[in-house]
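To start, the structure under review is shown below, and the notes come after it.
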Amino acid sequence: MNKMKVAIAALLVAVMAFSSCNKEKTTSQKLVKEFLTENLVSEDFKVMDYSDLSSTKLVTDSMCQMMRAKMANNELFKSDMRYAKGPKPNKMYFIRVKYRVDKDTIFQTFYLDEQQTRVVAFKEN
């Protein structure tokens, strides 16, 4: 009987952990899709795949500025592309995205703040 209780408890913990990770990934996917909808020139795009969500503390302010400057020249995006305001967080999440615009397949990595409320920067893969 005790083995059964332990097994059920372990199963519940695993389900809760998976649900939490899945919720974070869904939140980040929604945020990236909203960013693309707002900033792509073409309204005709389709997200094909998202990677797992990961975190990093290795991205510096200068790296964020460099990514932003490089992507400002990307013809797929509006010239007045907007990032949400706020300082670069110490810890960021990132997610790789594969999507299609017209006939082109695009691979990019999006860096999100720790609360997953804004896109801080993104780059071509």
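Small disclaimer: the values here were computed from a predicted structure and weren't measured. Numbers here simply count residues along the sequence, with the first being 1.
Counting only heavy atoms from C-beta outward, the side chains of Val97 and Asp49 never approach each other to under 4.5 Å. Using a 4.5 Å heavy-atom threshold, the side chains of Glu124 and Met71 count as touching. Counting heavy atoms from C-beta outward, Met81 and Asn74 have side chains that stay 4.5 Å or more apart. Using a 4.5 Å heavy-atom cutoff, the side chains of Leu31 and Thr117 are not in contact. Looking at Asp44 and Val101, their side chains never come closer than 4.5 Å, going by heavy atoms from C-beta outward. A heavy-atom distance below 4.5 Å is not found between the side chains of Ser42 and Leu76. Considering only heavy atoms from C-beta on, Leu112 stays 4.5 Å or farther from Thr27 through its side chain.
With sequence neighbours excluded, the residues that form a side-chain contact (heavy atoms from CB on, under 4.5 Å) with Met48 are Lys98, Arg100, Thr105. Legend: residues meeting salt bridge (Lys or Arg N to Asp or Glu O under 4.0 Å) with Asp80, ordered by chain and number and at least two apart, are Arg82. Among residues two or more places apart in sequence or in another chain, the side-chain contact (heavy atoms from CB on, under 4.5 Å) test is passed with Ser62 by Thr60. Arg118 is linked by a salt bridge (Lys or Arg N to Asp or Glu O under 4.0 Å) to Asp113, counting only residues two or more places apart in sequence or in another chain. With sequence neighbours left out, the side-chain contact (heavy atoms from CB on, under 4.5 Å) criterion links Asn90 to no other residue. Residues passing the side-chain contact (heavy atoms from CB on, under 4.5 Å) test with Asp104 are Ile106, sequence neighbours excluded. Listed by chain and number, the residues in a ring-ring contact (aromatic ring centres under 6.0 Å, His included) with Phe107 amount to none (sequence neighbours excluded). The ring-ring contact (aromatic ring centres under 6.0 Å, His included) search around Phe94 returns Tyr111, not counting sequence neighbours.
Cluster membership check: Met67 does not share its hydrophobic cluster with Phe35, using side-chain heavy-atom separations under 4.5 Å among Ile, Leu, Val, Met, Phe, Trp and Tyr. Both Val119 and Val47 are members of a single hydrophobic cluster when ILVMFWY side chains are connected at heavy-atom separations under 4.5 Å. Leu40 and Phe110 fall within the same hydrophobic cluster, defined by Ile, Leu, Val, Met, Phe, Trp and Tyr side-chain heavy atoms under 4.5 Å apart, directly or through other members.
Within the structure, ring-ring contact (aromatic ring centres under 6.0 Å, His included) contacts touching residues 46-78 (residues at least two apart or in different chains) are Phe77-Phe122. Residue pairs that meet the side-chain hydrogen bond (donor to acceptor under 3.5 Å, both in side chains) test with at least one member in residues 30-41, sequence neighbours left out, do not exist here.
The closest donor-acceptor contact from the side chain of Arg68 to the backbone of Val120 lies under 3.5 Å.
Heavy-atom minimum distance, Ala121 versus Cys64: CB-O, 4.1 Å.
Ring pair Tyr99/Phe45 is perpendicular by interplanar angle, where above 60° counts as perpendicular and below 30° as parallel.
When hydrophobic side chains of Ile, Leu, Val, Met, Phe, Trp and Tyr are connected at separations under 4.5 Å, Val41 ends up as a singleton with no cluster partners.
Around CD of Glu43, the count of heavy atoms belonging to other residues, nucleotides or ligands within 6.0 Å does not exceed 12.
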Atom pairs and distances, side-chain donor-acceptor, residues 51-59, under 3.5 Å, sequence neighbours left out:
| from | atom 1 | to | atom 2 | distance (Å) |
| --- | --- | --- | --- | --- |
| Ser51 | OG | Arg96 | N | 2.8 |
| Thr56 | OG1 | Leu58 | N | 3.0 |

